[in-house]
Amino acid sequence: MAKRLTLFILIALVLGIVVGWAVNTHFDDGTPAAAATLKEIASYFSLATTAFLQLIKMVIAPLVFSTLVVGIAHMGDTGALGRVGIKSLAWFICASLLSLTLGLLLVHLLQPGVGLNLPIPATPVDIGVDKDAFDKIKFIKHIFPASIVDVMATNEILPIVIFSLFFGVAITAVGERAKPIVRGLEGLVAVMLQVTNYVMRFAPIAVFSAVAATLIEHGPRVIVNLAYFMGSVYIGLGTLWALLIGLAFLIIGPRIFTLLRYIREPALLAFSTASSEAAFPRTLEALDRFGIPPRISSFVLPLGYSFNLDGSMMYMTFASLFIAQAYGIHLPLGTQIGMLLMLMVTSKGIAGVPRASLVVIAANLSHFGLPEAGLLIVLAIDNFLDMGRSATNVLGNAIAASVVAKWEGGFETPLPSEIEPPHAPGHGLSGQA
């Protein structure tokens with residue numbers, strides 16, 4: 001079923017490109033009226049994607065809560081929880097620094113913004129990004145939920161994680177009396193994954209409509225105009241994939257290639273829909289098939305969705321310094337490093353904010369004297385770039401869970417190559433009289 005679904009998603013992706021390009025070419029004559037028509041047509045195409053993502057989102061809150069609480073309960077004690085948490089955060093910090101540093105190096109090596117020589121706007125420009133979502137007070141309130149019902153209704157992953165941690169630790173402390181709750185939540189996990197299987201049957205339709213809608217509205221010209229910048233970002237993401245896979249190979253060995261095969265479908269889904277959330281349930285299933293203990297995957301994966309967005313981290317560095325290059329603004333190396341550290345800190349925990357990467361970039365540009373109008377350059381192609389960074393986020397979180405599982409004693413299910421062959425008749429202890 002998984003192979004067939006992956007094939008159907010690939011077919012839908014290609015068909016979406018063909019149909020979107022054809023519709024845009026037919027209607028686009030460069031006039032405002034044509035642009036309005038294309039935008040309206042794209043809105044109809046995107047209805048299927050919107051419906052699919054809404055169906056996926058209805059699964060995420062109960063799935064994150066139930067899997068995380070069950071995982072904590074199965075750890076057995078708070079000492080194990082703290083150990084896994086520290087190892088997870090240590091990997092997240094190292095992966096974030098790797099992503100940011102790689103973005104810094106490549107933007108200087110490839111210099112995608114050099115030569116644009118854009119004039120600095122005399123007055124502030126409305127970039128259409130809500131920076132209020134970055135307010136410090138709102139950020140703190142976002143982390144610590146006043147109502148678990150409210151954050152579940154809005155799919156805020158980080159506050160759900162916080163509540164689940166308290167709930168899971170409390171279940172561990174209560175002990176025997178809380179076992180019926182654990183069994184009920186284990187049943188909820190199974191039901192939510194089955195619901196996900198039903199929803200995933202509509203994934204190819206959603207992928208087709210998402211890709212077609214994007215190309216209908218923006219057309220191929222927007223890709224051509226900023227092709228070098230897009231190509232540079234994807235070179236960066238590809239390099240990041242290679243580095244993360246290489247590090248994972250050093251830690252867990254050749255088994256990493258089996259993990260890549262298992263997460264092929266969720267990564268492709270994240271890429272096609274430009275949404276990491278859409279891939280969450282399937283990624284959880286893939287990690288289970290790979291042999292990562294549920295107590296590890298159900299803890300590390302939700303946490304990673306708030307603290308380990310490797311693709312987004314690299315993109316934020318790249319886009320910020322691209323804007324500086326485009327306006328010819330020189331930033332000393334110390335300032336650039338300070339920007340990277342601020343991006344790392346301010347990007348944590350806002351995964352639920354719409355256009356989270358752009359919100360973080362916009363909030364940091366003015367702090368470092370860069371014009372916010374620079375975001376207008378990348379806004380038109382942000383959806384194409386979001387596809388790549390969403391897939392990278394899926395890979396990064398899958399590798400994080402695998403590494404932590406290895407550090408915690410290994411995997412539950414051995415691969416066929418790791419299973420010792422049975423003794424042949426007449427050999428070994430069984431063959432002795």
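Along the sequence shown, the residues carry numbers beginning at 1.
Here the straight-line distance linking atom CD of Gln325 with atom CG of Leu331 works out to 9.5 Å at 0.5 Å rounding. A distance of 10.5 Å separates CG in Leu237 from OH in Tyr315, rounded to the nearest 0.5 Å. Rounding to the nearest 0.5 angstrom, the gap separating the CG atom in Leu98 from the CE atom in Met313 is 10.5 Å. Atom-to-atom distance recorded for Leu104:CG and Ser99:OG is 12.5 Å, nearest 0.5 angstrom. In this structure, Ile399 CD1 and Ile256 CD1 are separated by 4.5 Å, a value rounded to the nearest 0.5 Å. Atom-to-atom distance recorded for Asn397:CG and Thr392:OG1 is 11.0 Å, nearest 0.5 angstrom.
Enclosure of atom CZ in Phe202 is not indicated, since only 12 or fewer non-hydrogen atoms of other residues, nucleotides or ligands lie within 6.0 angstrom. More than 12 heavy atoms of other residues, nucleotides or ligands lie within 6.0 Å of CH2 in Trp407, so this atom counts as buried by the packing criterion.
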Go through it in stages, so that I can follow the logic: the residues are Arg255 and Phe290, the test is side chain to side chain contact (heavy atoms under 4.5 Å, CB included), and I'd like the CA-CA distance, side-chain angles, deciding distance and then a yes or no. CA-CA 9 Å; Arg255 192 180 178 114; Phe290 182 62; 3.3 Å; yes
After noting the C-alpha distance and the side-chain angles of Arg282 and Tyr262, does the key distance pass the side chain to side chain contact (heavy atoms under 4.5 Å, CB included) rule? CA-CA 10 Å; Arg282 276 304 209 222; Tyr262 284 164; over 6 Å; no
Chi angles and distances behind the side chain to side chain contact (heavy atoms under 4.5 Å, CB included) call for Leu110, Tyr228: CA-CA 9 Å; Leu110 301 174; Tyr228 185 64; 3.8 Å; yes
Go through it in stages, so that I can follow the logic: the residues are Ser272 and Ile9, the test is side chain to side chain contact (heavy atoms under 4.5 Å, CB included), and I'd like the CA-CA distance, side-chain angles, deciding distance and then a yes or no. CA-CA 8 Å; Ser272 305; Ile9 289 175; 3.8 Å; yes
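Side-chain contact check for Asn393 and Ser312: at least one donor-acceptor pair (N or O, by modelled atom type) lies under 3.5 Å. No side-chain donor from either of Ser209 and Ser46 sits under 3.5 Å from a side-chain acceptor of the other.
Between Phe45 and Ala213, the shortest heavy-atom distance links the atoms CB-CB, 4.0 Å. Contact record, Ala270 with Val394: CB-CG2, 3.7 Å, taken as the closest heavy-atom pair. In this structure, Gly396 and Trp91 approach most closely via the heavy-atom pair O-NE1, 4.4 Å. The two residues Ala400 and Val300 come nearest to each other via the heavy atoms C-CG1, 4.1 Å. Here the shortest heavy-atom pairing between Met192 and Pro62 reads SD-CG, 3.6 Å. Smallest separation of non-hydrogen atoms from Ile160 and Ala61: CD1-CB, 3.8 Å.
Between Ile323 and Phe318, every side-chain heavy-atom pair lies at or beyond the 4.5 Å cut-off. Contact of the Val84 side chain with the Val404 side chain is registered, since non-hydrogen atoms from C-beta on lie closer than 4.5 Å. Using a 4.5 Å cut-off on side-chain heavy atoms (C-beta onward), Leu303 and Asn308 make no contact. Looking at Leu269 and Met200, their side chains come closer than 4.5 Å, going by heavy atoms from C-beta outward. Using a 4.5 Å heavy-atom threshold, the side chains of Asp288 and Ser297 count as separate. Side-chain atoms of Leu284 and Thr196, non-hydrogen and from C-beta on, never get closer than 4.5 Å to each other. In this structure, Phe384 and Leu215 have side chains that are in contact, with non-hydrogen atoms separated by less than 4.5 Å. A heavy-atom distance below 4.5 Å is found between the side chains of Val107 and Pro112.
Remark: the backbone N or O of Leu63 is paired with a side-chain donor or acceptor of Ser66 at under 3.5 angstrom.
Note that Arg389 lies outside the cation-pi zone of Phe271, set by a 6.0 Å cut-off to the ring centre and a 45° limit from the axis.
The aromatic rings of Phe257 and Phe249 are tilted relative to each other, their planes meeting at an angle between 30° and 60°.
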